[in-house]
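Here's the structure we're looking at; comments come further down.
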Amino acid sequence: MTRDMVLRVVAKLLIPFILLFALYVQFHGDFGPGGGFQAGVILAAAMVFYAIVFGLDNARKVLPDRLVETMVAAGVLLYLGVGVAGPLLGGNFLDYFVLAADPVAGQHRGIFWIELGVAITVCGVMLKVYYLFAGRGPEDD
Amino acid sequence: METLIVNVLLTLMMLAVVVLARTRNLFAVIVLSGLYSFLMATAMVALDAVDVAMTEAAVGAGISTVLLLGALHLCRSEEAKPAHKPWLPLAVTASAGLLLVYGTWDLPAFSDPEAPIHKHVAPRYLADGPRETGVPNVVTAVLASYRGFDTLGETTVVFTAGAGIIALLRRRRRTTADKEAP
């Protein structure tokens, strides 16, 4: 944890906006540039920033290891779930047209959920890798 | 104007790589590679690929730099002198690079609308994408809907990489714990 007041204040000011930007990139991806991968990475970057300034232990309190590890798998499972929903509703694998009564609305729904899945997995992997790297000291070898 | 900006950025990137290769201080190397990624991200913005620029800035310049700094924390900060002269690897790399440059002569000109890649399925995506998916951003429509299988594969790759790193770095910690236990 850094004792530098400037860094701590700047981090506290910036992190909410980074998180908001990640959400914007995620949910506005249908209309502007962005999508699940970018949003997940920006989210992870915000958490890494938090961990650098306020310490790894505090970051682990915000997003515990167990939750991060769950995220790694949950995103892929969500994506696969959307894919499997196609055959269950009488379509093909990853067929979004059957997800709603109106085919275009179905496409919208499918894209929304798979982008969310991508974001969850990417954010989880990035954070987990950071936790693993930062949690090792030179004496751990 | 755009060409000028991109060329300046590419020149700066080249400079960064040359300095990177010659620097022995690993901290400077990490900072330079972050700088390289930022230049790359800016070049991507100039080329109108904002999605890629965002990813490059966040992953290449942000998280990678932090991970490399974390790795630097675990080792010495000066690169050891190479044991032998790098002439053979240099020759192999240079000839491979020249071969690749030779290969680019056959590629269509940059952003040529008549290039085969723009004639295959792209016109259909552009014409029917907004109507079929209701998503105005064609990149998202292609990525998530038309190419949903590919994106599923990419997500699985990210998952596999994460699982691999977890398996690798965790086992190591457990063995040290085992060593201390008895």
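Every chain is numbered from 1, with letters handed out A, B, ... down the list of sequences. Remember, it's a predicted structure, so these values are computed and weren't measured experimentally.
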Taking every non-hydrogen atom, the tightest pair across A:Glu115 and B:Ala144: OE2-CB, 4.0 Å
Can you name the one residue among A:Val118, A:Val125, A:Ile120, A:Val122 that meets side chain to side chain contact (heavy atoms under 4.5 Å, CB included) with B:Thr155? A:Val118
Are B:Leu74 and B:Leu69 connected, step by step, through hydrophobic side chains (Ile, Leu, Val, Met, Phe, Trp, Tyr) whose heavy atoms are closer than 4.5 Å? no
What part of A:Tyr96 is in contact with chain B, defined as an atom under 4.5 angstrom from a non-hydrogen atom: side chain, backbone, both or neither? side chain
Ring pair (Phe, Tyr, Trp, His ring centres under 6.0 Å) filter on A:His28, not counting sequence neighbours, yields A:Tyr24, A:Phe31
Chain B: which of A:Leu80, A:Val129, A:Asp95 shares the most heavy-atom pairs with it under 4.5 Å? A:Val129
Indicate yes or no for a side-chain donor-acceptor contact from A:Tyr79 to the backbone of B:Gly148 under 3.5 Å, with no hydrogens or angles considered. yes
Report yes if the side chains of B:Met54 and A:Ile42 come closer than 4.5 Å at any heavy-atom pair, otherwise no. yes
Other residues, nucleotides, ligands: >12 heavy atoms within 6.0 Å of B:Ile117 CD1: no
Just so I understand: if I count every heavy-atom pair under 4.5 Å between each of B:Pro136, B:Gly162, B:Ala161 and chain A, which residue has the most? B:Pro136
Consider only side-chain heavy atoms of I, L, V, M, F, W and Y, link residues closer than 4.5 Å, and tell whether A:Leu78 and A:Leu67 are in one cluster. yes
Just give me the residue among B:Val139, B:Thr156, B:Thr151 that pairs up with chain A most often, heavy atom to heavy atom, under 4.5 Å. B:Thr151
Starting from B:Leu143, can I reach A:Phe27 by hopping between I/L/V/M/F/W/Y residues whose side chains sit under 4.5 Å apart? no
Tell me, out of B:Ile165, B:Leu152, B:Thr140, B:Leu67, who's got the most heavy-atom pairs with chain A below 4.5 Å. B:Leu152
Examine A:Ile15 and A:Val68 and state if one hydrophobic cluster contains both, with Ile, Leu, Val, Met, Phe, Trp and Tyr joined whenever side-chain heavy atoms are less than 4.5 Å apart. yes
If you compare all heavy atoms of B:Ile63 against all heavy atoms of A:Ala44, which two are closest, and at what distance to 0.1 Å? CD1-CB, 4.0 Å
Could you please spell out the steps behind the side-chain contact (heavy atoms from CB on, under 4.5 Å) verdict for B:Val66 and A:Phe49? CA-CA 9 Å; B:Val66 171; A:Phe49 186 28; over 6 Å; no
Considering all heavy atoms of both residues, which atom of A:Val104 and which atom of B:Gly134 are nearest to each other, and what is their separation? CG1-CA, 3.6 Å
Side chain from CB out, backbone as N, CA, C, O: work out which of these in A:Val82 comes under 4.5 Å of a heavy atom of chain B, or both, or neither. neither
Can you tell me if B:Asn137 uses its side chain to pair, donor with acceptor, with the backbone of A:Gly32 under 3.5 Å? yes
Is it the side chain or the backbone of B:Val59 that comes within 4.5 Å of chain A heavy atoms, both, or neither? both
Side chain, backbone, both or neither: which part of A:Ala73 has a heavy atom under 4.5 Å from chain B? both
Same cluster or not: B:Leu47 versus B:Leu12, using hydrophobic residues (I, L, V, M, F, W, Y) connected whenever any side-chain heavy atoms lie under 4.5 Å apart? yes
Judged by atom type as modelled, is there a donor-acceptor pair below 3.5 Å linking the side chain of B:Asp51 to the main-chain atoms of A:Pro33? no
Value for CE (A:Met71) from CZ (B:Phe159), rounded to nearest 0.5 Å, stands at 13.5 Å
Acceptor/donor pairs from residues 22-37 of chain B side chains to any protein atom, 3.5 angstrom cut, sequence neighbours excluded:
unit_1, atom_1, unit_2, atom_2, d
B:Thr23, OG1, B:Val19, O, 2.5
B:Arg24, NH1, B:Glu79, OE1, 3.1
B:Arg24, NH1, B:Glu79, OE2, 3.3
B:Asn25, OD1, B:Phe27, N, 2.9
B:Ser33, OG, B:Ile30, O, 2.8
B:Ser37, OG, B:Ser33, O, 3.4
B:Ser37, OG, B:Glu56, OE2, 3.2

The interface call for A:Phe21 against chain B, heavy-atom contacts under 4.5 Å, is side chain
Once you round to the nearest 0.5 Å, how far does CD of B:Glu154 lie from CZ of A:Phe37? 8.0 Å
Of the backbone (N, CA, C, O) and the side chain (C-beta and beyond), which part of A:Phe97 lies under 4.5 Å from a heavy atom of chain B, both, or neither? side chain
Under 4.5 Å from a heavy atom of chain B, the part of A:Val48 involved: side chain
Heavy-atom closest pair (B:Thr133 atom, A:His108 atom, distance to 0.1 Å) is O-ND1, 4.0 Å
